[in-house]
Amino acid sequence: GAGVSQSPSNKVTEKGKDVELRCDPISGHTALYWYRQRLGQGLEFLIYFQGNSAPDKSGLPSDRFSAERTGESVSTLTIQRTQQEDSAVYLCASSLIPGDYYEQYFGPGTRLTVT
Amino acid sequence: DAKTTQPPSMDCAEGRAANLPCNHSTISGNEYVYWYRQIHSQGPQYIIHGLKNNETNEMASLIITEDRKSSTLILPHATLRDTAVYYCIVLTNAGNNRKLIWGLGTSLAVNP
(Lines give C-alpha, C1' and ligand atoms only; values in the text may rest on other atoms or scores of the structure.)
Protein backbone atom coordinates (compact mmCIF):
# COMPACT_ATOMS: atom_id res chain seq x y z
CA GLY A 1 0.00 0.00 0.00
CA ALA A 2 0.94 3.64 -0.27
CA GLY A 3 3.20 5.11 2.36
CA VAL A 4 3.25 8.62 3.79
CA SER A 5 3.57 11.24 1.09
CA GLN A 6 4.54 14.88 1.38
CA SER A 7 4.39 17.79 -1.00
CA PRO A 8 6.16 19.68 -2.28
CA SER A 9 9.43 17.79 -2.04
CA ASN A 10 11.36 21.04 -2.27
CA LYS A 11 10.26 24.60 -1.63
CA VAL A 12 12.30 27.75 -2.03
CA THR A 13 10.66 30.90 -0.74
CA GLU A 14 11.61 34.47 0.01
CA LYS A 15 11.88 35.71 3.55
CA GLY A 16 8.55 37.05 4.74
CA LYS A 17 6.37 34.87 2.53
CA ASP A 18 3.93 32.25 3.82
CA VAL A 19 4.30 28.56 2.93
CA GLU A 20 2.06 25.53 3.22
CA LEU A 21 3.42 22.03 3.51
CA ARG A 22 1.18 19.05 2.95
CA CYS A 23 1.20 15.55 4.40
CA ASP A 24 -0.89 12.56 3.30
CA PRO A 25 -0.64 9.86 5.96
CA ILE A 26 -1.14 6.15 5.54
CA SER A 27 -4.85 5.42 5.25
CA GLY A 28 -6.36 4.47 8.60
CA HIS A 29 -3.53 5.87 10.70
CA THR A 30 -5.10 7.97 13.42
CA ALA A 31 -1.94 9.67 14.65
CA LEU A 32 0.06 12.19 12.63
CA TYR A 33 3.27 13.98 13.57
CA TRP A 34 5.27 16.87 12.21
CA TYR A 35 8.99 17.21 12.80
CA ARG A 36 11.66 19.64 11.71
CA GLN A 37 15.22 18.59 10.94
CA ARG A 38 17.88 21.21 10.46
CA LEU A 39 21.02 20.30 8.55
CA GLY A 40 23.13 17.84 10.53
CA GLN A 41 20.72 17.78 13.45
CA GLY A 42 18.29 15.29 14.93
CA LEU A 43 14.55 15.56 14.59
CA GLU A 44 12.73 18.30 16.45
CA PHE A 45 9.12 17.51 17.38
CA LEU A 46 6.64 20.16 16.28
CA ILE A 47 3.07 18.92 16.71
CA TYR A 48 1.04 15.76 17.07
CA PHE A 49 -2.53 15.00 15.91
CA GLN A 50 -4.81 12.35 17.34
CA GLY A 51 -7.59 12.25 14.76
CA ASN A 52 -8.24 15.86 13.82
CA SER A 53 -7.29 17.35 17.17
CA ALA A 54 -3.85 18.36 18.33
CA PRO A 55 -3.41 17.55 22.03
CA ASP A 56 0.24 18.46 21.92
CA LYS A 57 1.34 21.69 20.24
CA SER A 58 4.25 22.22 22.57
CA GLY A 59 6.88 21.91 19.89
CA LEU A 60 5.68 24.69 17.62
CA PRO A 61 8.56 27.19 17.74
CA SER A 62 6.49 30.35 17.41
CA ASP A 63 3.01 31.65 16.61
CA ARG A 64 4.09 31.85 12.96
CA PHE A 65 3.68 28.08 12.84
CA SER A 66 0.27 26.42 12.69
CA ALA A 67 -1.10 23.10 11.56
CA GLU A 68 -4.42 21.51 10.89
CA ARG A 69 -5.74 18.12 9.96
CA THR A 70 -9.04 17.30 8.33
CA GLY A 71 -11.00 14.10 7.79
CA GLU A 72 -8.49 12.30 10.00
CA SER A 73 -6.34 12.32 6.91
CA VAL A 74 -4.48 15.16 5.22
CA SER A 75 -2.53 17.63 7.32
CA THR A 76 -1.15 21.03 6.43
CA LEU A 77 1.69 22.79 8.22
CA THR A 78 1.65 26.53 7.61
CA ILE A 79 4.55 28.85 8.28
CA GLN A 80 3.74 32.54 8.09
CA ARG A 81 6.25 35.30 7.44
CA THR A 82 9.05 32.81 6.90
CA GLN A 83 12.50 33.52 8.30
CA GLN A 84 15.85 32.12 7.23
CA GLU A 85 16.02 30.08 10.44
CA ASP A 86 12.94 28.18 9.21
CA SER A 87 15.08 26.53 6.53
CA ALA A 88 15.04 22.80 7.25
CA VAL A 89 13.55 19.51 6.15
CA TYR A 90 10.02 19.14 7.48
CA LEU A 91 9.09 15.52 8.06
CA CYS A 92 5.64 14.08 8.56
CA ALA A 93 4.94 10.70 10.12
CA SER A 94 1.83 8.68 10.85
CA SER A 95 1.09 5.77 13.12
CA LEU A 96 -1.72 3.38 13.88
CA ILE A 97 -1.20 3.40 17.66
CA PRO A 98 -2.05 -0.18 18.57
CA GLY A 99 -2.12 -0.36 22.34
CA ASP A 100 0.62 1.35 24.28
CA TYR A 101 3.25 1.25 21.58
CA TYR A 102 3.44 2.21 17.96
CA GLU A 103 5.62 2.65 14.97
CA GLN A 104 5.91 5.87 13.11
CA TYR A 105 6.06 5.72 9.33
CA PHE A 106 7.82 8.72 7.87
CA GLY A 107 7.37 10.52 4.61
CA PRO A 108 10.30 11.67 2.48
CA GLY A 109 10.10 15.21 3.83
CA THR A 110 9.81 18.69 2.35
CA ARG A 111 13.06 20.62 2.07
CA LEU A 112 12.29 24.27 2.77
CA THR A 113 14.82 26.93 1.86
CA VAL A 114 14.14 30.52 2.87
CA THR A 115 16.26 33.02 0.97
CA ASP B 1 15.65 17.76 25.78
CA ALA B 2 16.88 14.43 24.52
CA LYS B 3 16.85 11.68 27.13
CA THR B 4 19.38 9.44 25.40
CA THR B 5 23.13 9.58 24.82
CA GLN B 6 24.82 7.95 21.84
CA PRO B 7 28.32 8.11 20.37
CA PRO B 8 28.32 10.52 17.42
CA SER B 9 29.89 8.08 14.97
CA MET B 10 31.00 4.47 14.53
CA ASP B 11 32.62 2.36 11.84
CA CYS B 12 31.96 -1.26 11.01
CA ALA B 13 33.38 -3.67 8.44
CA GLU B 14 30.93 -5.15 5.96
CA GLY B 15 29.73 -8.57 7.08
CA ARG B 16 30.62 -7.98 10.72
CA ALA B 17 28.22 -7.26 13.55
CA ALA B 18 27.55 -3.61 14.33
CA ASN B 19 26.88 -2.91 18.01
CA LEU B 20 25.42 0.52 18.65
CA PRO B 21 25.20 1.60 22.30
CA CYS B 22 22.72 3.96 23.89
CA ASN B 23 22.55 5.37 27.39
CA HIS B 24 19.14 6.23 28.83
CA SER B 25 19.88 6.44 32.53
CA THR B 26 16.79 8.50 33.38
CA ILE B 27 14.30 6.13 31.75
CA SER B 28 11.18 5.48 33.79
CA GLY B 29 9.41 2.18 34.30
CA ASN B 30 6.78 2.54 31.61
CA GLU B 31 8.97 4.07 28.91
CA TYR B 32 9.97 2.09 25.87
CA VAL B 33 13.25 2.29 23.99
CA TYR B 34 12.85 2.72 20.24
CA TRP B 35 15.45 2.57 17.50
CA TYR B 36 15.08 4.25 14.14
CA ARG B 37 17.55 4.84 11.36
CA GLN B 38 17.79 7.51 8.70
CA ILE B 39 19.54 6.84 5.45
CA HIS B 40 20.84 9.96 3.74
CA SER B 41 18.07 12.15 2.25
CA GLN B 42 15.30 9.82 3.40
CA GLY B 43 12.79 9.88 6.24
CA PRO B 44 13.58 7.84 9.36
CA GLN B 45 12.72 4.13 9.35
CA TYR B 46 11.56 2.15 12.36
CA ILE B 47 13.89 -0.70 13.36
CA ILE B 48 12.86 -2.18 16.70
CA HIS B 49 11.61 -1.31 20.17
CA GLY B 50 11.56 -2.88 23.63
CA LEU B 51 10.60 -2.35 27.25
CA LYS B 52 12.81 -4.63 29.33
CA ASN B 53 13.20 -7.92 27.49
CA ASN B 54 15.62 -8.42 24.64
CA GLU B 55 13.95 -8.27 21.25
CA THR B 56 14.83 -9.59 17.81
CA ASN B 57 13.30 -9.08 14.40
CA GLU B 58 14.40 -9.49 10.81
CA MET B 59 16.42 -6.28 10.93
CA ALA B 60 18.18 -6.29 14.26
CA SER B 61 18.39 -7.34 17.89
CA LEU B 62 17.90 -5.09 20.89
CA ILE B 63 19.65 -5.87 24.14
CA ILE B 64 18.44 -3.92 27.19
CA THR B 65 20.37 -4.06 30.44
CA GLU B 66 18.62 -5.36 33.53
CA ASP B 67 18.54 -1.90 35.12
CA ARG B 68 17.21 -0.52 31.78
CA LYS B 69 19.70 2.34 31.87
CA SER B 70 21.31 1.38 28.61
CA SER B 71 20.73 -0.70 25.52
CA THR B 72 22.56 -1.95 22.45
CA LEU B 73 21.26 -2.31 18.93
CA ILE B 74 22.92 -5.16 17.08
CA LEU B 75 23.00 -5.48 13.31
CA PRO B 76 24.31 -9.03 13.02
CA HIS B 77 25.80 -8.85 9.53
CA ALA B 78 26.17 -5.24 8.48
CA THR B 79 25.96 -4.38 4.78
CA LEU B 80 26.84 -1.19 2.93
CA ARG B 81 23.10 -0.38 2.83
CA ASP B 82 23.12 -0.18 6.63
CA THR B 83 25.16 3.01 6.48
CA ALA B 84 22.87 5.55 8.16
CA VAL B 85 22.28 7.62 11.27
CA TYR B 86 20.82 5.46 14.04
CA TYR B 87 18.59 7.10 16.62
CA CYS B 88 17.89 5.66 20.06
CA ILE B 89 14.72 7.22 21.45
CA VAL B 90 12.72 6.98 24.65
CA LEU B 91 8.95 7.10 24.40
CA THR B 92 7.41 9.81 26.49
CA ASN B 93 3.78 9.16 27.33
CA ALA B 94 2.05 11.92 29.25
CA GLY B 95 -1.70 11.44 29.20
CA ASN B 96 -2.76 11.47 25.58
CA ASN B 97 0.51 12.99 24.47
CA ARG B 98 2.83 10.68 22.66
CA LYS B 99 6.00 11.94 21.12
CA LEU B 100 9.49 10.73 20.56
CA ILE B 101 12.32 12.90 21.79
CA TRP B 102 15.15 12.65 19.29
CA GLY B 103 18.84 13.16 19.95
CA LEU B 104 21.61 13.45 17.38
CA GLY B 105 22.02 9.72 16.84
CA THR B 106 25.05 7.67 15.83
CA SER B 107 26.33 7.95 12.28
CA LEU B 108 27.27 4.39 11.31
CA ALA B 109 29.61 3.91 8.37
CA VAL B 110 29.81 0.37 7.03
CA ASN B 111 33.04 -0.04 5.11
CA PRO B 112 33.77 -2.61 2.37
Side-chain angles (χ1 to χ4, degrees), chain A residues 2-7 9-10 21 23-26 29-60 67 88-111, chain B residues 1-9 22 24 27-53 55 57-60 62 64 84-108:
Chain A
V4 177
S5 61
Q6 292 184 246
S7 61
S9 55
N10 281 284
L21 311 180
C23 172
D24 286 87
I26 293 173
H29 278 197
T30 58
L32 186 147
Y33 307 78
W34 283 99
Y35 294 89
R36 178 170 69 179
Q37 187 173 30
R38 293 196 167 107
L39 186 64
Q41 302 295 310
L43 272 68
E44 176 186 359
F45 169 81
L46 296 179
I47 191 169
Y48 153 72
F49 286 92
Q50 174 61 44
N52 292 330
S53 63
D56 188 354
K57 303 179 182 178
S58 62
L60 293 177
V89 175
Y90 289 81
L91 289 157
C92 173
S94 71
S95 69
L96 191 59
I97 311 188
D100 288 334
Y101 60 91
Y102 63 95
E103 303 171 14
Q104 293 190 7
Y105 294 84
F106 283 82
T110 293
R111 181 175 299 278
Chain B
D1 293 336
K3 298 174 65 174
T4 63
T5 304
Q6 299 175 254
S9 64
C22 179
H24 31 81
I27 194 170
S28 61
N30 62 349
E31 290 181 318
Y32 286 77
V33 179
Y34 281 75
W35 284 82
Y36 281 75
R37 73 179 182 185
Q38 187 172 25
I39 295 170
H40 183 63
S41 297
Q42 297 182 23
Q45 174 192 22
Y46 166 83
I47 302 174
I48 199 167
H49 74 280
L51 183 62
K52 54 183 177 181
N53 296 323
E55 303 289 341
N57 64 20
E58 64 278 4
M59 290 183 68
L62 175 61
I64 302 175
V85 178
Y86 287 78
Y87 293 97
C88 167
I89 306 145
V90 170
L91 172 62
T92 297
N93 180 15
N96 288 323
N97 300 337
R98 295 173 184 266
K99 62 186 179 185
L100 303 182
I101 301 173
W102 299 71
L104 297 179
T106 295
S107 179
L108 175 68

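Reminder, nothing fancy here: chain letters follow the sequence lines and each chain counts from 1.
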Please state whether the side chain, the backbone, both or neither of A:Gln37 comes within less than 4.5 Å of a heavy atom of chain B.
-> side chain
Top contributor to chain A interface from B:Ser107, B:Ser41, B:Gly43 [non-hydrogen pairs under 4.5 Å] = B:Gly43
OH on B:Tyr36 to CG on A:Leu43, rounded to 0.5 Å = 10.5 Å
Side chain to side chain contact (heavy atoms under 4.5 Å, CB included) filter on A:Lys57, not counting sequence neighbours, yields A:Ile47, A:Ala54, A:Leu60
Quick one: side-chain hydrogen bond (donor to acceptor under 3.5 Å, both in side chains) partners of A:Arg36, sequence neighbours excluded?
-> A:Glu44
Go through the steps for B:Ile89 and A:Gln104 under the test side chain to side chain contact (heavy atoms under 4.5 Å, CB included), then give the verdict.
-> CA-CA 12 Å; B:Ile89 306 145; A:Gln104 293 190 7; over 6 Å; no
